[in-house]
Amino acid sequence: MKVTSIIAAVAGAIFRVVAAVAVVYVIYRGAGMCYDYGYRIFTEPAMTSGEGRTVTVTITPDMSAMDIGKLFEGRGLVRDARLFMLQYYLSEYREDVGPGTFDLSTAMTAEEMMQAMVVEKEEEEGEGDSSGRGSESGEVSSSSENGPPAGGSAPGGDAAGGDTTGDGMSEGGQAGQDGMSQDGQGTVVEPDAQ
C-alpha cells in the first residue's frame with residue numbers, strides 16, 4: 001500500500017509540473033505572437049522595395065476586411081491577411097475605404113494601399129461647404145474687398161459701416177438697443193428718423 005501511494009504522489013507531482021510548464025509555454029508563445037503582431041501592425045514593410053509590381057484589384061461592397069486581406073495575400077500585396085485586417089481596423093482610412101477597382105503596387109505598405117483605396121463621398125446638393133458658408137452659387141459675399149452690398153453705400157458716404165440695407169441693423173449686423181441703429185458716422189439714429 002505504501003508503494004502504491006508513493007507512486008501516485010510522484011505521478012501527481014510530475015503531472016502538475018508538466019501542466020505548469022505547458023501553461024507557461026502557451027502564455028510565452030501567446031505573448032510573443034501578440035508582440036509580433038503589435039509590432040508589425042505599425043512597422044510592416046512593403047512586399048518589395050523599389051518600384052515593385054503593379055496589381056489591379058477589385059473591391060466589392062460586400063467584402064469584409066478579412067476578405068480584402070485574403071485577396072491581397074493571394075495577389076502578393078501583403079504577407080499576412082490577418083495582419084492586414086488588424087491594420088485596416090486600426091487605420092485612419094477605415095471609414096473612407098470603399099468599393100472600386102484600384103491599381104496597387106507591391107512596393108506599397110498596407111497604409112499606402114488603404115490611402116489609395118479611399119473613395120471620396122459625394123456632397124449632397126444644396127449643402128454648404130466645409131466652412132459652413134453655404135453653397136458656391138447661393139450666396140454673395142459682402143466683404144470690403146467686393147465693395148458695398150447691393151443696397152449701395154452707407155449714409156454719409158462711408159461704405160464700410162453703418163446701416164446699409166435700411167433694415168435697422170447696426171455696423172456689426174446686430175440690431176441696436178431699443179431698435180436704434182448707427183449711421184455711417186457712428187451716430188445712433190432712431191428708426192423713424194431714417
Side-chain angles (χ1 to χ4, degrees), residues 10-146 172-174:
V10 169
I14 290 172
F15 177 75
R16 284 193 293 275
V17 168
V18 169
V21 168
V23 168
V24 168
Y25 178 76
V26 168
I27 291 172
Y28 173 77
R29 291 290 294 170
M33 188 183 306
C34 289
Y35 174 80
D36 181 50
Y37 265 84
Y39 181 77
R40 288 176 61 197
I41 284 172
F42 302 105
T43 61
E44 185 75 4
M47 291 292 284
T48 59
S49 58
E51 290 197 23
R53 169 176 58 89
T54 301
V55 178
T56 302
V57 294
T58 300
I59 308 299
T60 59
D62 61 328
M63 291 178 81
S64 68
M66 189 62 183
D67 294 335
I68 297 171
K70 286 178 181 177
L71 173 67
F72 285 6
E73 185 177 3
R75 293 290 188 86
L77 291 168
V78 297
R79 290 176 183 83
D80 187 346
R82 286 177 293 176
L83 179 65
F84 178 83
M85 179 185 69
L86 293 173
Q87 290 171 321
Y88 173 82
Y89 285 125
L90 295 173
S91 169
E92 64 184 277
Y93 303 108
R94 178 179 71 192
E95 300 295 327
D96 301 324
V97 171
T101 301
F102 307 99
D103 291 324
L104 305 176
S105 171
T106 55
M108 292 176 148
T109 63
E111 185 173 357
E112 291 170 337
M113 288 182 218
M114 287 182 264
Q115 187 176 10
M117 295 188 304
V118 168
V119 175
E120 296 294 329
K121 305 246 189 309
E122 296 179 18
E123 287 189 29
E124 295 180 21
E125 288 188 29
E127 197 173 285
D129 63 6
S130 60
S131 64
R133 289 178 283 161
S135 64
E136 292 179 17
S137 61
E139 292 185 7
V140 177
S141 174
S142 62
S143 67
S144 59
E145 294 175 3
N146 296 334
Q174 301 293 322

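The residues of the chain are indexed from 1 along the displayed sequence.
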Return each pair, listed once, that meets side-chain hydrogen bond (donor to acceptor under 3.5 Å, both in side chains) where at least one residue sits in residues 73-85; pairs must be two or more places apart or across chains. Y37-D80, E44-R79

Student check: side-chain heavy atoms of L77 and T106 closer than 4.5 Å: yes

Looking only at heavy atoms, the pair that brings Y88 and A65 closest together is CD2-CB, 3.4 Å

At what distance, to the nearest 0.5 angstrom, does OH of Y39 lie from OH of Y35? 6.5 Å

Nearest heavy-atom pair of E51 and A107: which atoms, and what distance? O-CB, 3.5 Å

Counting only N and O atoms by type, is there a donor-acceptor contact under 3.5 Å from the side chain of R94 to the main-chain atoms of Y89? yes

Mind checking the CD-CD spacing from E111 to E92? Nearest 0.5 Å is all I need. 6.0 Å

For Q87 versus A110, what's the shortest heavy-atom pair and its separation? OE1-CB, 3.1 Å

Contacts of F15 that satisfy side chain to side chain contact (heavy atoms under 4.5 Å, CB included) - sequence neighbours left out: none

Output, in order, the C-alpha distance, side-chain angles, deciding distance and verdict of side-chain contact (heavy atoms from CB on, under 4.5 Å) for T109 and E112. CA-CA 5 Å; T109 63; E112 291 170 337; 3.3 Å; yes

Measuring from atom CE of M113 to atom CZ of F102, what distance do you get when rounded to the nearest 0.5 angstrom? 13.0 Å

Could you go through the side-chain hydrogen bond (donor to acceptor under 3.5 Å, both in side chains) check for S105 and T54 one step at a time? CA-CA 4 Å; S105 171; T54 301; 5.2 Å; no

Starting from the C-alpha separation in whole Å, work towards a yes-or-no answer on side-chain contact (heavy atoms from CB on, under 4.5 Å) for V57 and T101. CA-CA 6 Å; V57 294; T101 301; over 6 Å; no

One pair to check against side-chain contact (heavy atoms from CB on, under 4.5 Å): Y28 and M33. What are the steps and the verdict? CA-CA 9 Å; Y28 173 77; M33 188 183 306; over 6 Å; no

Distance col, row T60:OG1 vs I68:CD1, nearest 0.5 angstrom, shows 8.0 Å

Whether Y93 side chain and V118 backbone form a donor-acceptor pair below 3.5 Å: no

For D103 and T56, which I'm curious about, is there any donor-acceptor pair between the side chains at under 3.5 Å? yes

I27 CD1 to R29 CZ distance, which is reported to the nearest 0.5 Å: 14.0 Å

Report the distance from atom CZ of R40 to atom CG of L83, rounding to the nearest 0.5 Å. 5.0 Å

For I59 and L71: C-alpha separation, side-chain torsions, deciding distance, then whether side-chain contact (heavy atoms from CB on, under 4.5 Å) applies. CA-CA 9 Å; I59 308 299; L71 173 67; 4.1 Å; yes

